[in-house]
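Counting from 1, the numbers follow the sequence of the chain as shown.
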Amino acid sequence: EVQLVESGGGLLQPGGSLSLSCAASAFTFNGDWTIRRSRQAPREEREGVSCITSEHAITVYADSVKARFTMSIDKSKSTLYLQMNSQEPEDTAVYYCAAGYYSDCWEKDVNDEYWGQGTQVTVSS
């Protein structure tokens with residue numbers, strides 16, 4: 001069965017850097033696929049962060065992170081990485097990854113998608 005395991009979260013001070021991993025076991029990279037990163041701050045709705053597809057096109061949804069966050073994928077390890085630099089208190093949130101067999105980072109109403117458990121990132125001085 002497909003399982004997404006997220007790791008790398010933690011507590012850090014403003015200006016620090018953190019790298020998050022999303023290991024997708026039993027997930028195949030044949031045909032169409034999309035892996036999305038999102039986050040949810042306390043008392044806020046979930047917000048899209050970044051996305052990569054089988055076309056190897058990377059989308060960064062939020063303007064606030066475009067210059068600071070970098071997404072990469074190692075298909076040999078079935079792992080997606082999110083490098084987050086210059087962290088700010090506003091980046092505090094639970095970060096999620098989700099994967100599915102489609103190929104559009106802007107696809108809406110995706111019903112068949114696998115989700116990780118989320119990992120907490122807290123930026124505070």
Side-chain angles (χ1 to χ4, degrees):
E1 296 181 340
V2 174
Q3 185 174 10
L4 304 184
V5 179
E6 303 176 49
S7 61
L11 175 65
L12 69 162
Q13 295 184 341
S17 299
L18 203 62
S19 181
L20 304 181
S21 298
C22 176
S25 63
F27 189 80
T28 62
F29 294 93
N30 299 319
D32 295 337
W33 57 265
T34 296
I35 304 179
R36 299 185 291 121
R37 278 285 191 180
S38 61
R39 64 185 182 182
Q40 187 167 17
R43 295 176 293 279
E44 299 287 344
E45 294 185 353
R46 184 175 293 113
E47 173 190 35
V49 176
S50 61
C51 176
I52 187 170
T53 72
S54 50
E55 299 174 345
H56 294 267
I58 298 176
T59 297
V60 181
Y61 296 112
D63 291 337
S64 62
V65 307
K66 287 183 177 179
R68 301 183 294 115
F69 291 11
T70 302
M71 175 182 286
S72 62
I73 188 170
D74 186 342
K75 290 190 289 186
S76 66
K77 298 180 179 179
S78 297
T79 300
L80 181 75
Y81 302 97
L82 181 65
Q83 178 66 40
M84 306 185 295
N85 298 324
S86 302
Q87 290 277 71
E88 303 173 357
E90 291 74 22
D91 295 317
T92 295
V94 177
Y95 285 72
Y96 298 92
C97 63
Y101 295 115
Y102 61 98
S103 184
D104 187 356
C105 289
W106 299 99
E107 182 71 32
K108 298 181 179 179
D109 301 323
V110 178
N111 297 319
D112 190 10
E113 194 170 36
Y114 304 97
W115 284 82
Q117 82 285 3
T119 184
Q120 176 71 50
V121 173
T122 302
V123 185
S124 177
S125 60

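Interatomic distance, NZ of Lys77 versus NZ of Lys75, reported as 15.0 Å (0.5 Å rounding). Atoms CD and SG, on Glu113 and Cys97 in that order, are 10.0 Å from each other to the nearest 0.5 Å.
Side chains of Tyr61 and Glu47 form no contact here, defined as non-hydrogen atoms less than 4.5 Å apart. Arg68 places a side-chain heavy atom less than 4.5 Å from the side chain of Gln87. Put simply, the side chain of Thr70 does not reach to within 4.5 Å of the side chain of Leu82, judged on heavy atoms. Proximity of Trp115 to Arg36: side-chain heavy atoms (C-beta onward) are separated by under 4.5 Å at one or more points. Counting heavy atoms from C-beta on, the side chains of Gln120 and Thr92 come closer than 4.5 Å. In this structure the side chain of Ile73 never reaches within 4.5 angstrom of the side chain of Met71, judged on heavy atoms. In this structure the side chain of Trp33 never reaches within 4.5 angstrom of the side chain of Tyr102, judged on heavy atoms. Two residues are said to be in side-chain contact when any heavy atoms from C-beta on lie closer than 4.5 Å; Arg37 and Phe69 fail this criterion.
Cys105 and Ala57 get closest at one heavy-atom pair: SG-O, 4.5 Å. The minimum heavy-atom distance between Tyr96 and Gly116, with the atom names listed, is CD2-O, 4.0 Å. Across all their heavy atoms, Ser17 and Leu12 have their closest contact at N-CD1, 3.7 Å. Scanning both residues, Ser125 and Pro14, for their nearest heavy atoms gives N-CD, 3.8 Å. The shortest non-hydrogen separation linking Val123 to Glu88 is CB-O, 3.3 Å. Closest of all the heavy-atom pairs between Ser78 and Phe29 is OG-CE1, 3.7 Å.
At a cut-off of 3.5 Å, with distance as the only test, a side-chain donor of Ser76 or Asp74 sits close to an acceptor on the other residue. Between the side chains of Gln40 and Tyr95, no donor-acceptor pair of N or O atoms lies under 3.5 Å. Residues Thr34 and Thr53 have side chains that never bring a donor and an acceptor to within less than 3.5 angstrom of each other. A donor-acceptor contact closer than 3.5 angstrom links the side chains of Gln83 and Asn85.
Clustering ILVMFWY residues whenever any of their side-chain heavy atoms sit less than 4.5 angstrom apart, transitively, puts Ile58 in the very cluster that holds Ile35. Leu80 and Tyr101 fall within a single hydrophobic cluster, where Ile, Leu, Val, Met, Phe, Trp and Tyr side chains are chained together by heavy-atom contacts under 4.5 Å. Taking hydrophobic clusters as Ile, Leu, Val, Met, Phe, Trp and Tyr residues chained together by side-chain heavy-atom distances below 4.5 Å, Met84 shares a cluster with Ile52.
Not one N or O on the side chain of Ser64 forms a donor-acceptor pair closer than 3.5 Å with the backbone of Ala62.
Between Arg39 and Glu90, no side-chain nitrogen of the basic residue sits less than 4.0 Å from a carboxylate oxygen of the acidic one, so the salt-bridge criterion is not met.
The one candidate from Thr59, Val65, Leu20, Val60 that meets the side-chain contact (heavy atoms from CB on, under 4.5 Å) condition with Val49 is Val65.
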